[in-house]
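Ligands are counted one by one from 1 in listed order, and the atoms in each one are counted from 1 as well. Hydrogens, waters and symmetry mates are skipped; everything else that's a heavy atom, side chains included, is used. Fair warning: this is a prediction, and the values are worked out from it, not measured in the lab.
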Amino acid sequence: MPIPAAIPLNADLHCHSVVSDGTLSPEDLAARASANGVQLWALTDHDETGGLRRAGAAAQAQGMAYLTGVEISVTFADTTVHIVGLGFDPDNARLAQGLAATRDGRGERAKEMGAQLARAGIGGAYEGALQFVGNPALISRTHFARFLVESGRCQDTGEVFRKYLTEGRPGYVPHRWARLGDAVRWITEAEGVAVIAHPARYKFSANEEFALFSEFKAHGGQAVEVVTGSHSAAEYLSYAALAQEFGLAASRGSDFHSPAESHTDLGRLPPLPDALTPVWALLADRIRHPTRHLAPDRA
Ligand code: AMP
Ligand code: MN
Ligand code: MN
Ligand code: MN
C-alpha cells in the first residue's frame, strides 16, 4: 500500500552507521529509529552502500517502511557538498563504481592528515583514528575527531573541527570528491532520487547557492533536505521557499551519527512545512513495506 503523500509521516531519510562515520550498527539504528516512532527510514552512509542489506533486513524486522540510501561527497565551487540518493537499485554497477572511485583517496588523505597533525604536535593521530574506523575504506574526519576527544585534546568533536579539521586549520587536507553531475547521474540512472543534503551548511553566497540549485536541477536532481538536524527553524522556512522556487520535492532527516555526539535523534524532527511535496511521494513504488503488517490478510 503506498503511503499517501498528504499524511504527515515520521520519515527519517538521513543517518550514518559504523559502515561510515556513525557509531551504531545498522541493526541498532533501525531499532532506535523504530523506538523513536520512525515509520519510513533510510540509512545514508557516506560514499558507501555496504550497510544496506543489513539495514533493509533490520527495517523489515522492526516493521518499518524502508528506502535504500547513500550520501555522496561532491566538490562544487571548491566546496564539499553532500548529495543524498534515495530509492535506487543498490546493485547498480555504475553507482557502485562511482562510489568506489569517490571513496578512493580517503586513505591517502587520512595519512596526510596524520602527518599534518604530527607537525602541529599531535602524534599518532592516523593510527588513533584507525581505531575508531568500522570500515577501513571509509576513514573520515569524524574518526580523527573521536580520537582527539578520546585522547583528551578536545572536549567534543565540534571543538576538534573548529580547531583542527576545517579549512585553514592544521589538520585540514583539501580533497577533490565526485562532480555534482556525476553523483546525480549515478543516483538517477540507478532509478533513485537525488537530494541536496543540508543546504544551509555550505555557507554559499546567494549566487553560488543559486548555481548549486540550478545545476543540480539541470542534471536531474529532484529534491532538497528542508528539515534536517543541521537546520534552524528559520532555515526550514527559507529552504521550503527555495524548494518551491526550484520545483524540488522536500526531504526530512536527522543526520544522526551517534548517541553521544548527535544533537538530533532519529525521527525527532518537526514535520515538513505544508505545501511541499515530500520526497517519498516521488518514491512510492520504491518504498519497501514490512510484510509483517500484511500477514493477517494473507493468512
Ligand atoms: P569527511 O567526509 O571525512 O570530510 O568528514 C565529514 C564528516 O565530518 C561529516 O559527514 C560530519 O559527520 C563530520 N563533520 C563535519 N563538520 C563537522 C563539525 N563542525 N562538527 C562535527 N562533525 C562534523
Ligand atoms: Mn558524517
Ligand atoms: Mn553531510
Ligand atoms: Mn550525513
Under 6.0 Å between ring centres: does that hold for Y239 and H231?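 Ring centres of H231 and Y239 closer than 6.0 Å.
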Can you confirm if the aromatic rings of F213 and F204 lie within a centre distance of less than 6.0 Å?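 They do not qualify: ring centres at least 6.0 Å apart.
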Geometric N/O contact [X] with ligand 1, under 3.5 angstrom:
{"X": "H82", "result": "no"}
{"X": "H257", "result": "yes"}
{"X": "S73", "result": "no"}
{"X": "R201", "result": "no"}
{"X": "T157", "result": "no"}

Against ligand 1, does R106 come closer than 4.0 Å with any heavy atom?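 It does, in that a heavy atom of R106 comes within the 4.0 Å cut-off of ligand 1.
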Is it true that R109 lies under 4.0 Å from ligand 1, counting heavy atoms only?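 True for this residue.
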Apply the test side-chain hydrogen bond (donor to acceptor under 3.5 Å, both in side chains) to residues Q97 and R94: give CA-CA distance (whole Å), side-chain angles for both, the deciding distance (0.1 Å), then the verdict. CA-CA 5 Å; Q97 263 169 26; R94 185 71 195 92; 3.1 Å; yes
Starting from [atom], find the nearest protein heavy-atom neighbour and note its residue, name and distance.
{"atom": "atom 6 (C) of ligand 1", "result": "R141 NH2, 3.7 Å"}
{"atom": "atom 18 (C) of ligand 1", "result": "F161 CG, 3.4 Å"}
{"atom": "atom 7 (C) of ligand 1", "result": "T142 OG1, 3.5 Å"}

Presence of N, O or S from H46 under 2.8 Å of the Mn ion (ligand 4):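 Within the cut-off used here (under 2.8 Å), H46 places no N, O or S atom near the Mn ion (ligand 4).
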Do any of the N, O or S atoms of H16 sit under 2.8 Å from the Mn ion (ligand 4)? yes
Can you say whether the rings of H16 and H46 are parallel (under 30°), tilted (30 to 60°) or perpendicular (over 60°)?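 Correct class here is parallel.
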Below 30° counts as parallel, above 60° as perpendicular, anything between as tilted: where do the rings of H198 and H14 land? tilted
Looking at E71, the N, O or S atom sitting nearest the Mn ion (ligand 3) is OE2
Are side-chain heavy atoms of L43 and L29 found at a separation under 4.5 Å? yes
At a non-hydrogen distance cut-off of under 4.0 Å, which region of [X] contacts ligand 1 (side chain, backbone, both, or neither)?
{"X": "H16", "answer": "neither"}
{"X": "L165", "answer": "neither"}
{"X": "R162", "answer": "neither"}

Just checking, any donor-acceptor pair under 3.5 angstrom between side chains of S230 and T228? yes
Flag for E189-N92: side-chain donor and acceptor within less than 3.5 Å: no
Rounding to 10°, state the angle centred on the Mn ion (ligand 3) that links NE2 in H198 with ND1 in H82.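 Vertex at the Mn ion (ligand 3): approximately 110°.
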Crowded around D274 CG? As in, over 12 foreign heavy atoms under 6.0 Å? no
Between D47 and T102, is a side-chain hydrogen bond (donor to acceptor under 3.5 Å, both in side chains) present by the stated rule, with each step listed? CA-CA 7 Å; D47 307 323; T102 307; 5.1 Å; no
Which atom name would you report as the N, O or S atom of D255 nearest the Mn ion (ligand 4)? OD1
Begin with the C-alpha distance, continue with both residues' side-chain angles, and end with the deciding distance and a verdict on ring-ring contact (aromatic ring centres under 6.0 Å, His included) for F246 and F210. CA-CA 10 Å; F246 279 87; F210 185 87; 5.5 Å; yes
